[in-house]
Asker: 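Let me give you the structure first, and then I'll get to my questions.
These numbers come from a predicted model, not from an experiment. All residue numbers in this chain count up from 1 along the given sequence. What you see below is based on every heavy atom in this structure, not just the backbone, and it leaves out hydrogens, waters and symmetry mates.
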Amino acid sequence: MTIDKKILQTKILEKLKDNYQSKIIDSEYITFKTNKNSIDIEFSFRIQFYNRISFEGFKICLIEIEDKIYPLILKELNNFYSKYFGISFMRFYKPEIEFSIYEINNEEDINLYLNHVIQCLEYHEKEVFPKLLDINFLAEYVGSVPFENQLEIPVGGKYPVSLFKKLAVLKWGGEEEKYMLYKKGLAEFIEEDFKDPKYGDEAPTYKKGYLKLIKHLENEPNPLKKNNIC
């Protein structure tokens, strides 16, 4: 069975309870976006080999939190910034079927697959996304892996700004021990960048941005407490 992307898009929109907007991007992707309770939510499907479908996971923007982080980023590093967290659904939800490269042979297959993905989405909308607005919960999530495994928790943006975001979340969320470990790990990364020809030109800017962030985090009040987010 060849998957018709337009028919699939319509079928998914019919199953979604909220008002999602959708786009078909190039020949492979269908994206869905909405805003719910101060959270921008985005997810997508990838179509491959005519009859294989993969759920690509969630990206979310925690608007109130991102609004506090972005001004702390050095202007020269703004192009490294992204407001979207990538959420690995496997950390919060164990699907009963494989979501990656799922083979579609008939209408029954597509309905089964979509029903499982919608169940996953509804679980996250109810049990996960609202909790991530709590800076303490978010910090616990971000710090749930040691620094050497930090790539397992994508928070948006490119190095080093992605780690700047993690430092802010950890500090404001009260994960002081993890904050110190990540602070030390990033400082060591940046010092290594000075020795690497690939990053030699950027390393001074990385360090400048790092020092600016640390100075702010360690000398200014937690802005999220003021707004009763945490």
Side-chain angles (χ1 to χ4, degrees), residues 1-66 82-142 144-145 149 151-157 162 169 229:
M1 175 180 174
T2 298
I3 297 174
D4 184 304
K5 287 182 283 295
K6 189 64 179 176
I7 293 176
L8 177 64
Q9 180 187 42
T10 301
K11 188 181 289 286
I12 295 170
L13 286 171
E14 289 173 351
K15 290 179 177 290
L16 293 170
K17 294 180 179 179
D18 294 307
N19 184 27
Y20 276 83
Q21 296 180 332
S22 178
K23 288 184 179 180
I24 296 175
I25 301 176
D26 60 52
S27 62
E28 293 189 350
Y29 292 93
I30 309 174
T31 65
F32 297 84
K33 297 181 180 181
T34 194
N35 178 278
K36 189 174 183 178
N37 301 322
S38 298
I39 305 174
D40 288 336
I41 303 169
E42 178 179 336
F43 62 91
S44 62
F45 295 88
R46 185 181 184 187
I47 312 302
Q48 296 173 277
F49 313 117
Y50 303 104
N51 71 334
R52 302 294 199 280
I53 185 170
S54 294
F55 176 60
E56 298 288 290
F58 304 107
K59 292 194 295 183
I60 64 170
C61 173
L62 305 167
I63 298 169
E64 294 176 87
I65 294 175
E66 293 290 347
S82 170
K83 65 180 182 179
Y84 281 96
F85 273 63
I87 302 296
S88 173
F89 60 84
M90 293 294 290
R91 288 195 167 269
F92 300 102
Y93 185 91
K94 303 300 181 185
E96 297 178 13
I97 64 171
E98 177 59 55
F99 279 177
S100 180
I101 316 294
Y102 189 85
E103 183 175 357
I104 302 298
N105 294 307
N106 50 50
E107 283 293 318
E108 184 177 343
D109 287 343
I110 194 65
N111 285 322
L112 174 67
Y113 182 83
L114 292 180
N115 287 340
H116 279 284
V117 172
I118 296 300
Q119 286 177 17
C120 176
L121 169 64
E122 291 176 347
Y123 176 85
H124 279 75
E125 287 182 331
K126 181 180 179 181
E127 301 294 340
V128 180
F129 297 156
K131 292 179 182 177
L132 292 173
L133 284 172
D134 179 340
I135 190 62
N136 301 108
F137 182 90
L138 182 63
E140 184 178 347
Y141 167 64
V142 168
S144 63
V145 296
N149 297 336
L151 290 175
E152 294 178 11
I153 307 290
V155 298
S162 57
V169 168
I229 297 175

Asker: For residues Asn105 and Asp109, report the shortest heavy-atom separation together with the two atoms involved.
Answerer: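 Scanning both residues completely, I find the closest heavy atoms to be N-OD2, 2.9 Å.
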Asker: Could you tell me whether the side chain of Leu114 reaches within less than 4.5 Å of the side chain of Leu8, counting heavy atoms only?
Answerer: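 Sidechains of Leu114 and Leu8: in contact.
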Asker: Drop me the distance from Ile3's CD1 to Phe45's CZ, to the nearest 0.5 angstrom.
Answerer: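 Between Ile3 CD1 and Phe45 CZ, I get 10.5 Å after rounding to 0.5 Å.
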Asker: Do you know the tightest heavy-atom contact between Ser54 and Ile101?
Answerer: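 Taking every non-hydrogen atom into account, OG-N, 2.7 Å.
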Asker: Any Lys/Arg nitrogen of Lys11 or Glu107 sitting under 4.0 Å from an Asp/Glu carboxylate oxygen of the other?
Answerer: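 Looking at Glu107 together with Lys11, the answer is yes, because their closest N to O distance falls below 4.0 Å.
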Asker: Could you tell me if the side chain of Phe99 sits less than 4.5 Å from the side chain of Val117, heavy atoms only?
Answerer: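 Yes, side chains in contact.
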Asker: Give a yes or no on this: more than 12 heavy atoms of other residues, nucleotides or ligands lie within 6.0 Å of atom NZ of Lys23.
Answerer: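 12 or below, so no.
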Asker: Evaluate Ile12 against Tyr20 for side-chain contact (heavy atoms from CB on, under 4.5 Å), listing each step before the verdict.
Answerer: CA-CA 10 Å; Ile12 295 170; Tyr20 276 83; over 6 Å; no
Asker: At what distance, to the nearest 0.5 angstrom, does CG of Leu16 lie from CD of Glu122?
Answerer: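 One finds 8.5 Å between CG of Leu16 and CD of Glu122.
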Asker: Do the two ring centres, one from Phe55 and one from Tyr102, sit under 6.0 Å apart?
Answerer: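 No, ring centres 6.0 Å or more apart.
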Asker: How many angstroms lie between OG in Ser162 and CG in Leu151, if you round to the nearest 0.5 Å?
Answerer: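 Going from OG on Ser162 over to CG on Leu151, the span is 7.5 Å.
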Asker: Working to the nearest 0.5 Å, report the span between CG of Asn19 and NZ of Lys33.
Answerer: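 One gets 14.0 Å once the value is rounded to the nearest 0.5 Å.
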Asker: Does Lys59 come within less than 4.0 Å of Glu42, counting only side-chain N to carboxylate O?
Answerer: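 Result for this pair is yes, salt bridge flagged.
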Asker: Does some side-chain heavy atom of Asp40 sit less than 4.5 Å from a side-chain heavy atom of Tyr84?
Answerer: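 In contact.
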Asker: Might you point out which heavy atoms bring Gly86 and Tyr141 nearest each other, and give the distance in Å?
Answerer: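 Heavy atoms only, the tightest pair is O-OH, 3.9 Å.
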Asker: Any salt bridge linking Arg91 with Glu152? Criterion: basic side-chain nitrogen under 4.0 Å from a carboxylate oxygen.
Answerer: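 Result for this pair is yes, salt bridge flagged.
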Asker: Measuring from atom CG of Asn51 to atom CE of Met1, what distance do you get when rounded to the nearest 0.5 angstrom?
Answerer: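 It is 9.0 Å, given to the nearest 0.5 Å.
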Asker: Quick check: do Tyr113 and Ile118 have side-chain heavy atoms less than 4.5 Å from each other?
Answerer: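 Counting from C-beta outward, Tyr113 and Ile118 never come under 4.5 Å.
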Asker: Does Glu28 form a side-chain contact (heavy atoms from CB on, under 4.5 Å) with Ile47? I'd like the steps, not just the answer.
Answerer: CA-CA 5 Å; Glu28 293 189 350; Ile47 312 302; 5.5 Å; no
Asker: Does any N or O in the side chain of Ser22 come within less than 3.5 Å of the main-chain N or O of Thr31, such that one atom is a donor and the other an acceptor?
Answerer: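 Here the side-chain-to-backbone pair exists.
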Asker: Hey, are Lys36 and Asp18 close enough for a salt bridge, meaning a charged N less than 4.0 Å from a carboxylate O?
Answerer: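 Judged by the 4.0 Å cut-off on N to carboxylate O distance, Lys36 and Asp18 do form a salt bridge.
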Asker: I'd like to know whether Phe129 forms a ring-ring contact (aromatic ring centres under 6.0 Å, His included) with Phe58, so could you lay out the CA-CA distance, the side-chain angles of the two residues, the decisive distance to 0.1 Å, and finally the verdict.
Answerer: CA-CA 10 Å; Phe129 297 156; Phe58 304 107; 5.4 Å; yes
Asker: For a quick test of reading the model, state the closest non-hydrogen atom pair linking Glu127 to Lys131 and the distance between them.
Answerer: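 So the minimum-distance heavy-atom pair works out to O-CD, 3.0 Å.
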Asker: Report the distance from atom CD of Glu140 to atom CG of Asp134, rounding to the nearest 0.5 Å.
Answerer: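 It comes to 9.5 Å.
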Asker: Would you call Arg46 and Ile53 a side-chain contact if the rule is heavy atoms closer than 4.5 Å?
Answerer: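 Arg46 does not reach Ile53 side chain to side chain.
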Asker: Apply side-chain contact (heavy atoms from CB on, under 4.5 Å) to the pair Tyr123 and Val128, showing each step before the final yes or no.
Answerer: CA-CA 7 Å; Tyr123 176 85; Val128 180; 3.9 Å; yes
Asker: Over all heavy atoms of both residues, which pair between Gln119 and Tyr93 is shortest? Give the atoms and the distance, please.
Answerer: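 Result for this residue pair: CB-OH, 3.7 Å.
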Asker: Yes or no on side-chain contact (heavy atoms from CB on, under 4.5 Å) for Phe137 and Leu132, after CA distance, side-chain angles and deciding distance?
Answerer: CA-CA 6 Å; Phe137 182 90; Leu132 292 173; 3.6 Å; yes
Asker: What I'd like to find out is whether the side chain of Lys15 reaches to under 4.5 Å of the side chain of Asn115, using heavy atoms alone.
Answerer: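 Lys15 reaches Asn115 side chain to side chain.
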Asker: Are side-chain heavy atoms of Val169 and Val155 found at a separation under 4.5 Å?
Answerer: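 Result no, sub-4.5 Å side-chain heavy-atom pair not found.
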Asker: Looking at every non-hydrogen atom in both residues, tell me the closest pair between Ser144 and Ile153 and how far apart they are.
Answerer: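 Looking at all heavy atoms of both residues, the shortest contact is OG-CD1, 3.9 Å.
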Asker: Looking at Val145, is its backbone amide N or carbonyl O close enough to the side chain of Asn149 to form a donor-acceptor pair, meaning the two atoms are under 3.5 Å apart?
Answerer: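 Not a single qualifying donor-acceptor pair exists.
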